[in-house]
Structure formats: C-alpha cells, structure tokens
Amino acid sequence: MEATISIPVPEIGILSQDASASNLQFLFSEALDRYRDDTGIDIVTHPVTDKLKSCRTVDSVVSVFQNQLHLFESVRSSGKKAKVITALKPTIEIMLSLLDSEILRGVVGSVFPPANAIFSGIGILLGAMKKINTDYDGIVDIFNSISRFLERLRIYVSDPPPGVSSILVKTIVELLSTSSIITKRLQQGWFKAIYRSLLEDTEIEEALKRLDKLTNEELATAVAEILKTLRSVARDVSVVRGDVEVSSKVIQENFAETQKVAQGLSVLQRNDLQRRFREWLSPPDPTTNHHKACSVRHDGSARWFFHGNEFKEWKTNGTLFWIHGKVGSGKTVLCSAIVDHLRRHEATTSATVVYFYCDFQDTAKQGVNGILCSLLIQLCEQSDTYLNILYGLVSSTPEGSSKPGDETLLEWMKYMLALPVGDRTKYIVMDALDECPSIGLPTPRASVVSLIRVLCSLSRVHNIRLCVTSRLEHDIRSNLEPLSSHSMSLEVQRGQAQDMADCISSVIESDSQMKEWDTETKDLVIRVLSEKAHGMFRYVHCQLETLRDCQTSDIQTVLDTLPEGLEGTYEHMLQRIPETKWKYVHRLLQCLTFVARPLSVAEAAEILAIDFDSNPIPTLHPERRPNDPEAAIMSTCSSFVVILSGDRTASRIVQFAHMSVQEYLTSERLANLPDERISRYHVIPELAHTFLAQACLSTLLFDSHNDSDGSDISSSPLSEYADRHWTSHARFDGVLPRIMTALEHLLDPERPNFTDWVKRSHLDDCPDSKDMEIRLVCDDNEGHDSSPGSSLYYSALLGLHQLVDRLATSNPRLVNAFGGRSGTPLQAASANGHLETVRVLLEHGARPNARGGHCGTALCAASLHGHVDAARLLLSNGAS
C-alpha cells in the first residue's frame, strides 16, 4: 500500500534562466574590452596575468600580489599590507575553486578563464596603489565587500542549478568592472579623483549595487530550485520497508522541516527578522489612522459601494480605482471599509492586502519613503516568501547601516511585487493623497504620484490592484485620471447620501442624551443635516456636537440658524470659546499646526504649564501641570481635536479632528475676518515655530529656572521632543532673533544644561554610512582634539547662522578653535551642508584648510557627505 505525500510549498519564480553560451562569451569579451578602455591596460597581455597563469594555490597567488605591493614597500607599513592580503584571501580561495570548474569554462571558454581575469584585475589594482598616499582601510573594505558577494558561489562548483551559471558569469563581469573603476581612480591619484567621484559620479557605488543585485538573484534562484525539488519529491515519494509501512505523517514532518530550511526561516527567525526589518526601516504605522476611521464607521457603511459594478469590475480586471471627493466627504472612512472588506472577503483566495494613510499631521506619512517602508513591512508580515526575498535583498547590507533611500526601496518593492506568490492578487489601498505637501522640488505629492504611476505599470502583468482616494485637486486629477481604469466622485453617489443619513441616525441612537429625543425630532435632525451638509460628514459631526447640548425645544431654532459650510462652522466654534481660555486654545492650535510629529497627550498638556509672559525666557512650572492632561486638552479645544491611541511605541496622541481644521486656521479668510475675537486665532507660521521653539527651550532650560524645585529635566514629558526637534523650529525663517536670549543660555558652556543637552542629543555622532569613505580619504587624524566643542561649534553644527555670527563677533578665538568630532566649527558646518553658516564662518576668518577632526578638512567633510554647494564655496575661498 502506497502513501502519497502532498506538501504545500510556496510558489516562487526563478528570476534568471541560463542565457546562451555565445551571449555569455560576448558579455565576458565585452568586459575585457571595457577594462582596456577604462584603464589603458590590456589585461590579457599584462605581465601580472602571465605570472598568475600557473597559480593553482592560495599561497602562489598571494606571492604574486605581495610582489605587486613590494613595488612601493618603502612608502607602506607591512602591517597595512598584511591587512590587504588578509582581506583578499577569501576572494582568492573562491576564485581558485572556480578556476577548473565546468560551471564557468563551459559557458565562457578556457582561452582566458574568468577567474584569471579577476586575479589579474586585482594584481593590477594593487600595483596602481603606489599612486596614493593614504590609508589602506578603504581598499580593504571594498575587498571585504567583494568577498561577501562571492561567498555563496562556493556551493555551485560541482553541481550548479539551472539559472545560476548566467548569474555567476555576470557577477565575474561586474567584479572586473569594479576593479577597472578603482584602478582608474588610483591611476588619477586618489585624492584628486575622490572629490570628483563624490561630487559628480557614483561609479564604484553603482558597481557594488549591481553586484548586490546579482547576489540577490542568485539567492532567489537557489531557493526556487530547492522548493522545486521538494515539490517534485513530495509528489512522487512513497516508502515501504518490507511489511512495515512508513508513516506518511513522519515523512510529512521531515519534509516540512526541510521546507523550513529551504526557506531559511524558522518561526523564531521569522519573528526576529520581522522585528529587525521594522526597527531598521522604521515605517510609520498606518493602523492608527485605520483605527480612527473605523471608530466613526457605522454598521453597514459602504455596503452600496461593495455591491456596485465599479468595485466588482475593478477586483476582476482593474488597475487603479481613483475615488475622489471634497473635504470632509468621508473618503477616509470609505477607505477603511475597503481595507476591511478586502481582508475579510479575499481571505479565502489568499489575497495580499496592504494599505497606507497619508496624513497632514505626520511628516513620516507624507512621502514616498514612509509609504514604501510601510508597504514592504506589511508584505513581509503577510507572507514568508516576501520576508525571505527581502532578507535576500538586504543580506549584504552592513549591520547598523543607514536606512535605504527611496530608489532602493522602490526597486525592492517592484522586485517583490513581481514575484508570482501563488495566484495571489495584491491589493494596495492608499488614502488621502492630497495630504502630501505640494511644495518643494520635487514635491512629496509629485513623488507619490510617480510611485503610483510605477505601480500601475506593474498592475496588469503582476495581478496588482490599486485603490487611491484624494480630493479633486488639479495636479492629482491630471495625473491619476489617465491612469485610472475606474474612478468615482463621492458627491454624486446616492449610496453615500444614504450612508450619511444612516451615520447621523447611528450617532443619535448611540448617544445617551440624543437617543432620548422623540422620533419626530430625530427625523428632523437627520433630514436637515443631510441637506445642509452637502456630502460633508465632518460638517455633520460638528453640528451634532452642538445639538447634543440643546434642549429639545431649541433644536428647531438651532437647525434654522446652522452656519454655512465648514468654514462658517469653525468661525462659530471659535466665537463660543470663553475669553479666559482663548490664550491656551491658541497655543495648542499653534502647536498642533506646525508640530514636527504628533504629540502625546502629556506632551501637549505640558504646553499649558509653561509661562510665556512673565520673563524674557519662557519658564516651565511643574506645579501648573493639569492633574488630568486628557481632560485639560479636551476641555480647552475639544471640537477641533481628537485623542487617539498611538502606534506601537507611543501613548495616546492629540491630533486635529480633520485636515480642514488646520487649513482653516492658516487661511487668509480667518486672518481677514473683521471680528478680532475670531481672527486672532489665525496661525502664522513664523510665530507658531517661535512658540514651539520657546516651549522646547523652556524644557531644556528647566534646571536653571527651577533650581529650588529640585526637579529633573527627564521628568518633563516634552523633553524628548525638545531634544530632537527644537532646532527644526529654531531654523525657520525669522525665529532665531526672537529666541536669541534663550539660545545663549542653552549654549553657555558654564551652565549644566549645555553639557547635559550635548550628551543626550548625540548631535556629534558620525553617520555610519560614511565611515568607509571617511577612512578612504582622510589622513591620520588621531591626534586631533577630541574634547567637547564650544558653543560656536554646536551652533555651526546645527546651522544656526545668525547665532554663529553673533558668537563669532563676541568671541573670535572660537572661530578656529578645535573641539568636537568634526574638529572646527567650519568643518562641522561643512559636514552638515549648512551653506550660510559656512559663509558666515569664512567671513569671520575661519581657516578653510585647517586639519583635524573626523574628516580631516572642511572640504573633505563637505565632499564626503555630498554637499556640493558647500564644497564649491570652500574651494572658492582657498580650500585645497
């Protein structure tokens, strides 16, 4: 009796099949020609190549390489030379194993083996190092990176799976290209070339990226082959030993375990990888927005939408479904209903559903980076296949490296969405595109629109469905309308009008006061609000807040005098604020309008404990903190804000109840109202940033203002925000002169606040992503002054150019004083690209060629961190 084993194995596409031998030979030949063009060297006839032809051991190859290094031994220490050889040995071992292997000889030919080409390229590179006079660490790092790319090739020496041969040949080609680029740079003289490389091109970086991509393709191909083999064996196996049948359950368990190994993930590994990816990418959390929208959704909401032909057609054969409507028309609530509907009803077909809510109150939710990071993490949490692929994509990234840029994230997203994970449909739902800012070049909104365009291009081929909501703004319409297979305006939908009536009824019946109204009154409220709302759910919500406190006998009068539209509603709400509260309401509204990130309830309430009026420097008074921060916030401006549960790391947060609130507070309409009792609530950006900067500084100066209190700055809920964000408010146009006195107190080295703040803020940490470049070009700077920087140094580091001018004028000796990681104020400003600060320091006599610090010189610091304008300014002022 046979037992047939059926094991479900995730589908995964083989990403690269073997190309023809002639094509691969052409690739290799072209790489040799390109090497000759780049370096002026014919690698086939070079003397080093002749010496390496007979090498078949690691020691023999090392001997040739050491002879190349001996060409300029008088300039180099043997210790540094040994570091280079040590870094090269793994590469030598791997390439030797491939030298006699059929895997490369069969597809490229044996006239000039690819492994010999790599050895020759490295040998010539080592000879070119006599052109430079700096440390070897950068070259060592590059060799270490290359050895990591090659490490996985060992396993294919005897029996390569289909698809891998072409990847290995392409890898050899890229290695040869990388060695030619570095050799060319060294021939030019590294110091001369490094500035041009960093300011104008990224050849070496791009070459390493191409190697990274090939390594990822190899990983995916290998995993695919393993899974294919498992599937074949699982289909055919049957085991019988004599009269004893082997339990199919045991075999299933063994195969299941093998499957886990093939995928590279155990349950613990999976959870750990998800956690590490989440920590590394730090995606904004869209669940806070989703839960907020769900909380105001009534039973049966959007049923008309799901029963409609447009939605059904889109699910079957659509690409982009664009849903648009005016402010407050219920787009976000509908979006939340779509997400839940797709999750619930597509579960049986194993569809993938990911979503994102753009948010005007959270800068992390206003651009491509936040969207891509969030979607990538969601994909990985829904499928081990996606997680495994992302692991392959980032496996060569150094531990602790900086967050990848938008282009890299987009390539990862395209790569993952292109994978045929079973027959899954991939749904991507994105709300409130209009809440992405439309200022800057390029604007965050334009970048998100470009992302949508890319996703649309993938949609038909890779079974992707997009749903996007927004207001009907011109720039959005002109871009999305041509891309949309389906579109809908909420204002003209009868179902949406019924949803509004149902929503009003639901709110009335769930409220302890309103549900006591008689039936006639309830019907009257539903009818009048539905008519006057003109499709705006936000309008309805505001009016119901007013009506719930009315006597039943007054409801008709209130309904007859309802304000027109949302702006009229907000004017009415501001007019009703008691005079004794207006100052506190205005302060909170200013904060929420321009805050750098959402504030927790405790942080927002802390604003109420700061005295902005009695002293030139605002003072934090702990005794003024409200006993119940949440109640204090809501009693101050409840109609304008909501309090939500935070994301995975935050407590309850305070936000505007709707985007229209912020738009109204900053509008010209409010500023120009003749009634000063209302127009005084207008929020001016410069004054709001000044207020926020003052609030932060009052927290940072808490100790000096409250010596007798004995409190600690860490006891202030606002301290973390103040540490991290006060500079962004201080740098806003026109703010610095208004807070100069408080700044001088903070940056006074004689006060304890200065040293405490410097330690907590980690301002002077060097970015990890630049360590390799810094080691490449910096001379030995071990003797530089590593003592803490001066007040001028930190002002320059932060780009506070007006304060820098003031401090340099009052204390000229600080202009060229050494201290801090960067060395001098000029180097600190240059490393961070603060162009105006660099200009001010040069005007005050800063020496452009002063050496020291982590980067060596100001020009080196600006160049390494990509600040082209700062580098040009330094060059025009004598930097060399």
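Position 1 is the first residue of the sequence, and the numbers go up from there.
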>> One thing to verify: whether Lys522 and Glu516 come together as a salt bridge, which I'm taking to mean a side-chain N less than 4.0 angstrom from a carboxylate O.
In response: no
> What's the verdict on side chain to side chain donor-acceptor pair (under 3.5 Å) for Ser600 and Arg652, showing C-alpha distance, side-chain angles and the deciding distance?
Replying inline: CA-CA 6 Å; Ser600 70; Arg652 289 169 65 76; over 6 Å; no
>> Tell me the closest heavy-atom pair linking Thr690 and Glu686, and the distance in Å.
In response: OG1-O, 2.7 Å
> Does any N or O in the side chain of Asp518 come within less than 3.5 Å of the main-chain N or O of Glu520, such that one atom is a donor and the other an acceptor?
Replying inline: yes
> When you check the gap from the basic side-chain N to the acidic O, do Lys331 and Asp431 get nearer than 4.0 Å?
Replying inline: no
> Can you tell me if CD on Gln551 sees more than 12 non-hydrogen neighbours from other groups inside 6.0 Å?
Replying inline: no
> According to the interplanar angle, ranging from 0 to 90°, do the rings of Trp322 and His324 count as parallel (below 30°), tilted (30 to 60°) or perpendicular (above 60°)?
Replying inline: tilted
>> Show, in sequence, the C-alpha distance, side-chain angles and deciding distance for Phe691 and Phe594, and conclude whether the ring pair (Phe, Tyr, Trp, His ring centres under 6.0 Å) test is met.
In response: CA-CA 10 Å; Phe691 176 76; Phe594 289 103; over 10 Å; no
> Distance-only, no hydrogens or angles: does the Lys365 side chain make a donor-acceptor pair with backbone N or O of Asn289 under 3.5 Å?
Replying inline: no
> Counting only N and O atoms by type, is there a donor-acceptor contact under 3.5 Å from the side chain of His541 to the main-chain atoms of Phe537?
Replying inline: no
>> What I want to check is whether the side chains of Arg297 and Ser336 have a donor and an acceptor closer together than 3.5 Å.
In response: yes
> Where does the angle between the aromatic ring planes of Phe360 and Phe656 fall among parallel (under 30°), tilted (30 to 60°) and perpendicular (over 60°)?
Replying inline: parallel
> Does the side chain to side chain contact (heavy atoms under 4.5 Å, CB included) test come out yes or no for Val339 and His290, once each step is laid out?
Replying inline: CA-CA 9 Å; Val339 170; His290 186 70; 3.7 Å; yes
> Are Ser329 and Met500 close enough that some pair of their side-chain heavy atoms sits under 4.5 Å apart?
Replying inline: no
>> Taking the basic N atoms (NZ, or NE/NH1/NH2) and the acidic carboxylate oxygens, is any pair closer than 4.0 Å for Arg587 and Asp613?
In response: yes
> Is there a donor-acceptor pair under 3.5 Å between the side chain of Asn672 and the backbone N or O of Glu668?
Replying inline: yes
> Is there a donor-acceptor contact under 3.5 Å from the side chain of Ser374 to the main chain of Ile371?
Replying inline: no
> Under 6.0 Å from the CZ atom of Arg477, do we count more than 12 heavy atoms belonging to anything else shown?
Replying inline: no
> In Å and rounded to the nearest 0.5 Å, what is the CG to NZ distance from Leu566 to Lys326?
Replying inline: 9.5 Å
> Can you find a heavy atom in the side chain of Val540 that is under 4.5 Å from one in the side chain of Cys503?
Replying inline: no
>> Using 0.5 Å steps for rounding, measure from the CG atom of Asn479 to the CD1 atom of Ile452.
In response: 9.0 Å
>> I'd like to know if the side chain of Ser506 reaches the main chain of Asp502, judged simply by a donor and an acceptor atom lying under 3.5 Å from each other, with no hydrogens or angles considered.
In response: no
> Is it true that Tyr539 and His534 have ring centroids separated by less than 6.0 Å?
Replying inline: no
> For the residue pair Ala688 and Val683, what are the closest heavy atoms and their distance?
Replying inline: CB-CG1, 3.9 Å
> Within the distance-only criterion (no hydrogens, no angle test), does the side chain of His291 pair as donor or acceptor with the backbone N or O of Thr287 below 3.5 angstrom?
Replying inline: yes
> Got a salt bridge between Glu435 and Arg445, using NZ or NE/NH1/NH2 to carboxylate O under 4.0 Å?
Replying inline: no
> Going through the distances and angles, do Gln366 and Asp362 end up as a side chain to side chain donor-acceptor pair (under 3.5 Å)?
Replying inline: CA-CA 7 Å; Gln366 295 172 5; Asp362 190 343; over 6 Å; no
> Out of curiosity, Thr469 OG1 to Asp434 CG, how far, rounded to the nearest 0.5 Å?
Replying inline: 7.5 Å
> Is the shortest side-chain N to carboxylate O distance from Arg669 to Glu567 below 4.0 Å?
Replying inline: yes
> Would Glu545 and Arg538 pass as an ion pair if we require N to O under 4.0 Å?
Replying inline: no
> side chain to side chain contact (heavy atoms under 4.5 Å, CB included) between Gln655 and Leu644: does it pass, once the steps are laid out?
Replying inline: CA-CA 8 Å; Gln655 290 188 337; Leu644 306 170; 3.4 Å; yes
> Which pair of non-hydrogen atoms, one from Cys335 and one from Val429, has the smallest distance, and what is that distance?
Replying inline: SG-CG1, 3.5 Å
>> Go through it in stages, so that I can follow the logic: the residues are Ser614 and Asp611, the test is side chain to side chain donor-acceptor pair (under 3.5 Å), and I'd like the CA-CA distance, side-chain angles, deciding distance and then a yes or no.
In response: CA-CA 7 Å; Ser614 301; Asp611 180 1; 2.5 Å; yes
> So, are Arg471 and Glu663 salt-bridged, with charged N and O less than 4.0 Å apart?
Replying inline: yes
>> Has His658 got a side-chain atom pairing as donor or acceptor with Ser660's backbone, closer than 3.5 angstrom?
In response: yes
> Is any side-chain N of the basic residue among Asp511 and Arg548 closer than 4.0 Å to the acidic one's carboxylate O?
Replying inline: yes
> Just by modelled atom types, is the Gly565 backbone N or O under 3.5 Å from a matching donor or acceptor in the Thr569 side chain?
Replying inline: yes
>> Give me the atom names and distance for the closest heavy-atom approach of Leu692 to Gln590.
In response: CD1-O, 4.5 Å
>> Tell me if the CZ atom of Phe612 is crowded by more than 12 foreign heavy atoms within 6.0 Å.
In response: yes
>> Using only atom types and a distance under 3.5 Å, with no angle test, would you say the side chain of Thr619 pairs donor to acceptor with the backbone of Asn615?
In response: no
>> For the aromatic rings, using the six-membered ring if either is Trp, is the centroid distance between Trp726 and Tyr721 under 6.0 Å?
In response: no
> What closest approach, in Å, do Tyr584 and Thr636 show between heavy atoms, and which atom pair accounts for it?
Replying inline: C-CG2, 4.0 Å
>> For a 4.5 angstrom cut-off between non-hydrogen side-chain atoms, does Leu798 reach Thr837?
In response: no
> If you round to the nearest 0.5 Å, how far is CG of Leu743 from OG1 of Thr727?
Replying inline: 10.5 Å
> When the ring planes of Phe640 and Tyr570 are compared, do they come out parallel, tilted or perpendicular, using 30° and 60° as the limits?
Replying inline: tilted
>> As an exercise, state the distance from CD1 of Ile607 to CG of Leu599, rounded to the nearest 0.5 Å.
In response: 7.0 Å
> Taking all non-hydrogen atoms of both residues, which atom of Ile678 and which atom of Leu670 are closest, and how far apart?
Replying inline: O-CD1, 3.4 Å
> Would you call Glu720 and Arg724 a salt bridge, taking side-chain N to carboxylate O under 4.0 Å as the test?
Replying inline: yes
>> Looking at Arg677, I'd like to know if its CZ atom is crowded, meaning that more than 12 non-hydrogen atoms belonging to other residues, nucleotides or ligands lie closer than 6.0 Å.
In response: no
> Atom CD1 of Ile476 and atom CG of Leu433: how far apart are they, to the nearest 0.5 Å?
Replying inline: 4.0 Å
